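Proteins come first, then strands; the chains are lettered A, B, ... in the order of their sequence lines, and each starts at number 1. Predicted model, so just to flag it, every value in this text is computed and none were measured. Hydrogens, waters and symmetry mates play no part in the numbers below; they use all other heavy atoms, side chains included.
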There are 4 protein chains.
Amino acid sequence: MDRVPAVSSAFASDNAAPAHPIALEAVVAANTGTTTSYGDDPITQRAADRVRDTFDSPNADVLFAFTGTGANIIALASAVRPFHEILCTDIAHSLLDEAGGPTLVSGASLVALPSDDGILDPAQLDRRITRRGDVHHSQPRIVTITQSTENGRVWQPDGIAAFIDHAHELDLLVHVDGSRIANAVAALDVPPALAVGDADIVTIGGTKNGMLFGDAILVRRPEHFADIEFVQKQIGHLASKHRYVSAQFDAMLSDGVWLQAAGHANAMAARLSVGITNLGLHLSSPTEANEVFVDLPAEALDSVREHFAVHAPDPHKPPVRFVCSWATTEADVEAALKALAQAKTV
Amino acid sequence: MDRVPAVSSAFASDNAAPAHPIALEAVVAANTGTTTSYGDDPITQRAADRVRDTFDSPNADVLFAFTGTGANIIALASAVRPFHEILCTDIAHSLLDEAGGPTLVSGASLVALPSDDGILDPAQLDRRITRRGDVHHSQPRIVTITQSTENGRVWQPDGIAAFIDHAHELDLLVHVDGSRIANAVAALDVPPALAVGDADIVTIGGTKNGMLFGDAILVRRPEHFADIEFVQKQIGHLASKHRYVSAQFDAMLSDGVWLQAAGHANAMAARLSVGITNLGLHLSSPTEANEVFVDLPAEALDSVREHFAVHAPDPHKPPVRFVCSWATTEADVEAALKALAQAKTV
Amino acid sequence: MDRVPAVSSAFASDNAAPAHPIALEAVVAANTGTTTSYGDDPITQRAADRVRDTFDSPNADVLFAFTGTGANIIALASAVRPFHEILCTDIAHSLLDEAGGPTLVSGASLVALPSDDGILDPAQLDRRITRRGDVHHSQPRIVTITQSTENGRVWQPDGIAAFIDHAHELDLLVHVDGSRIANAVAALDVPPALAVGDADIVTIGGTKNGMLFGDAILVRRPEHFADIEFVQKQIGHLASKHRYVSAQFDAMLSDGVWLQAAGHANAMAARLSVGITNLGLHLSSPTEANEVFVDLPAEALDSVREHFAVHAPDPHKPPVRFVCSWATTEADVEAALKALAQAKTV
Amino acid sequence: MDRVPAVSSAFASDNAAPAHPIALEAVVAANTGTTTSYGDDPITQRAADRVRDTFDSPNADVLFAFTGTGANIIALASAVRPFHEILCTDIAHSLLDEAGGPTLVSGASLVALPSDDGILDPAQLDRRITRRGDVHHSQPRIVTITQSTENGRVWQPDGIAAFIDHAHELDLLVHVDGSRIANAVAALDVPPALAVGDADIVTIGGTKNGMLFGDAILVRRPEHFADIEFVQKQIGHLASKHRYVSAQFDAMLSDGVWLQAAGHANAMAARLSVGITNLGLHLSSPTEANEVFVDLPAEALDSVREHFAVHAPDPHKPPVRFVCSWATTEADVEAALKALAQAKTV
């Protein structure tokens, strides 16, 4: 029996949560007999169909990876050559939290565009489309946006559609980092395809949604990502016992389990957000999915951290992040609000 | 219910097998409550201690990765810069079966040395140590060997000790690719540390041994792999819900489970090997661990493939590979021998 | 006989100029007999000493490269590993005009900091030094600044000294891109060492100063650039007939030739700048070295371009660049002012 | 006045020679007035036409680079992605003498095939074309051969034609490293196009032929090297004062100067070769161009080195290399033979 930590991880990240029972059961159920490895097995074929159906993309290719960082690298690196640029927002996970992995593997630079909590104005793209064809200057090739964003915002269907249309007009490919796509779809309550617009490639996060591990990659325009299976292999993300990743997607995408899990996380975040506002504290970003960002002075942060591990992304700025998951309980929320109420008075 | 394939995967690879019950139970047992992500959790700490104890390396660092390809890349890329060379054998998995991943991530070339089924004569190293310090020529920095080898051979303790000593005399680091280290240790019946000699870094395969997925990386001389945690992150192999990989290592390395699993696989391979010899067929490599290589003409191979998926590594050469796992049964072996007997008469 | 172009290149760039007679004579004079290649010849040894003496760096290593882009890549790539960041200004040549070369060769990203025409406030560094040691985030390792800047500004000795001291306090290395260092030294009229402060590595541009081609690399803290000679070779910048690059440095750095050439270019730029101001046109940046930036509406730009090829770096912004060189004449300046006067009335 | 070295560089390499007077005169003549930089000048246009005409390739693109290593990297890296393989011979300069540059810039591995002094049997290609499309295995994409080879051999027109045809049948591109193409053409006494067969891309060495520096790149099938100009820029090989490289090609390729220079070098090598044979020494490779390889025991090598710097490529093997250039004299040859005669008796 492991020692119970004095400090709760309940809000540290949605990947601090355990696996959802449905995901775990799917892994257990898949554990029968030998089968073809590397994805050429019936469970993986079925899971790929499930991903295609869910996102209304009958002609897309589907691959799986172990992590969101792995999936992002595979998607981005297969789209570019080293003289290309990958455009992203100023808070993109691929820019700030993947230790330079996309650049290492692709050779291409990421270029940060100013955003509103990760929501990008299409006009930002125009400013960067300069010197096309000039061999002295690297060339923008793909833009990556995140749904829901790293700051817990959700792109609206018409907003993301307009953004992607404009990117396509500028001859840019579009990647949607869907590390928390389930939270966005649950929040929007629209068909999943509307939450990602006409993106050329979408990475679909499983881990934060409740799986043990795993991301899917939906390649909707395979002609622009011709060598993607080689990149997947080259960074060691082609699972040999492949059924254990795909079975989880098959199960979670069935019967709306993924959206129930994400909807619960969103509801807990909403409850926490309202409670925080009622405490008179200031939200630094609107709460639209499963993340709550609150301005806390340093002393109050220290006080909160006696009870809860929380992420304060930028040491120069006050916002403190609380993330809810499928496993967050109302009791967790109440305990967090209590800790915040105490902290406020420090 | 998935359709039963007409062709058995029983001998296609040890990664065609399902997960060992002990590994799966460990995953299920780990699924309680929230915990710190990215490896800073009690289960991972315990698993790392278990790896250190098993290989008698109290001062080593331990990391985990999802796949053997990932683990190899992390180990090799953290040791070199792009003007270095990675020496390997002519049948190395890192050379032939990782799609150039180690070179992509490290920038360094792999240089193949002729070997005897993956067993390398120390004198081969001397031939490559030329032009030291010459800026026109890339510089050997690390040599990687595989235990047991890709052709199913096992390095003897004194042989691997002498090889590694000689490499160190030549100022080379040594990596042991232990994708099937369990099979080697079980075959040798010696303490695991003797099976890897004084290697500077060892990757320890879990998947082929019976896990759902996962490799451990034992960094015995961390001063030569200073940035290894960045490389792990940069290719997306730092698991967020880290306990699901480490719990498997904790369980399988306890009470000798890993060696029982590997020993069974070896025994099944020995049985198959004897049976093949009795059929009058020729083994292209001695059977020393869990892989059996047999010379089969093309027509006989086609006949076998009506019943069993098997790997024929090089289309220009006859050897056909049968791999046994923890899950291989005596009935599987008998069926394979029957198919081979029929094939022989084609 | 080549056709005389209708449009003058006199102000297109300082690399549109021919070679300075002293540089060309040095090449001709070096053309005697066989000698050791790859830099192990007496002329190169003498030139390296000359570079060391000029910048008062007796213990520095000196290498040569063919181009400024090559020299920048060699300096930066030898300082970093792929999880590092290279900090630069928002107008850095290495960021905007080297097609991603530094990133391709090093694997590390360039991160742009807002600047005042390339002059960087030390406080900008503090804002970027976050998450030190966090494996999820790439780590700043070196900052590159340009003297004189891409917008024709000159760092003052105390300003550059303070900046570099602060960078060192933050454990950052400092590279000075001296593509136009001669213009800065001539403008400041101080010993060259004061123009580059305590930079760890300096690239010294020859081409824009008047050579046929060539840059020197002054490695003042070789312990941080241990493998720089391999990087030089790996991108094909180790000249075999090495004397033809080094002889030019030997000659131009003798008797102040390099500063006379640069001083003339600066004087022509000052004359042009005053003339432009007298025309009532607006300089978008102060003229401090050999480049003049003037705001011109698009129609006026078209009119100027009937007579002079000029560079308008950003199609979204009006500034038009005029660069003077050792070869610019007063007649060229008068002609340019005449063209600008006409353009103004368009 | 530089100290005359006691040891002659006359046979150390063809790049120990000074520049041919015609090349130097062309540089001097080009030094008039300002002109467009980066290759968009009349001299460069004329030189490119001259290269196209010389190799009977009217539709080819022509680029220039500073060095042979640079040119090889540009040619190879623009043809591949990191999961590709570059096939080469076991003595290829790109494999052994470019410090891993082609791999660093391209991400792709070089794979050495056994050769006869650099002459490759087409059947060697067949052996490597395995596992096409297998994502676990890197994929051969281009083969590079050298004319004349690094060991001084010359591909015959029908031999190179057959080799390239076979490579094309195997869906491989072909690069000819023409670092010493002039020596091959002079030796064969055929139109240059016959010396390079139907190669897709040819790099044409200027330095060893007599220039101060410079290589041309003849891109005959631009569709397979679409981004080559970006790669050229990314490693700093796009010359700004471009006329100084192109003027040399324009001059040397006129009136057969390049072939006279190479023919003289070949003749001196033939004379040396005959002399060596007459001394009773053994040539380790036939002398077909401008390089002579002779077996010398270590003591004899030491004796020779008291008089001549010579290259002994592999410390494990006896061959010692003597290279002749446009500047080698009969007196040089006699002096070398005298030194060899003395050495033989050591």
To the nearest 0.5 Å, what is the distance between [atom1] on [X] and [atom2] on [Y]?
{"X": "C:Ser240", "Y": "D:Phe213", "atom1": "OG", "atom2": "CZ", "result": "11.0 Å"}
{"X": "D:Thr34", "Y": "C:Phe308", "atom1": "OG1", "atom2": "CZ", "result": "9.5 Å"}
{"X": "D:Gln234", "Y": "C:Glu98", "atom1": "CD", "atom2": "CD", "result": "10.5 Å"}

Would you kindly say whether C:Lys241 and D:Thr207 are connected by a side-chain donor-acceptor distance under 3.5 Å? no
Would you mind checking which part of [X] comes under 4.5 Å of any heavy atom in chain D, side chain (CB onward), backbone (N, CA, C, O), both or neither?
{"X": "C:Leu24", "value": "side chain"}
{"X": "C:Ile74", "value": "neither"}
{"X": "C:Asp40", "value": "neither"}
{"X": "C:Ala19", "value": "both"}
{"X": "C:Ala327", "value": "neither"}

When [options] are compared by non-hydrogen pairs under 4.5 Å with chain D, the top option:
{"options": "C:Ala17, C:Gly70, C:Gly107", "answer": "C:Ala17"}
{"options": "C:Gly33, C:Ser325, C:Ser37", "answer": "C:Gly33"}
{"options": "C:Met211, C:Lys208, C:His242", "answer": "C:Met211"}
{"options": "C:Thr67, C:Asn15, C:Thr69", "answer": "C:Asn15"}

Just wondering, do D:Ser13 and C:Tyr38 contact through their side chains at under 4.5 Å, heavy atoms?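 Heavy-atom side-chain distance check fails, nothing below 4.5 Å.
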Nearest heavy-atom approach of D:Ala99 to C:Phe230 is CB-CD2, 4.5 Å
C:Val27 pairs by side chain to side chain contact (heavy atoms under 4.5 Å, CB included) with which of D:Leu212, D:Val28, D:Asn31?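 Between C:Val27 and the candidates, side chain to side chain contact (heavy atoms under 4.5 Å, CB included) is satisfied uniquely by D:Leu212.
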Using 30° and 60° as the class boundaries, would you call the ring planes of D:His237 and C:Phe66 parallel, tilted or perpendicular? tilted
Answer with side chain, backbone, both or neither: which region of D:Asp97 has an atom nearer than 4.5 Å to a non-hydrogen atom of chain C?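 Just the backbone, heavy atoms under 4.5 Å.
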Between D:Thr103, D:Leu104, D:Asn72, which has the largest tally of heavy atom pairs under 4.5 Å with chain C? D:Leu104
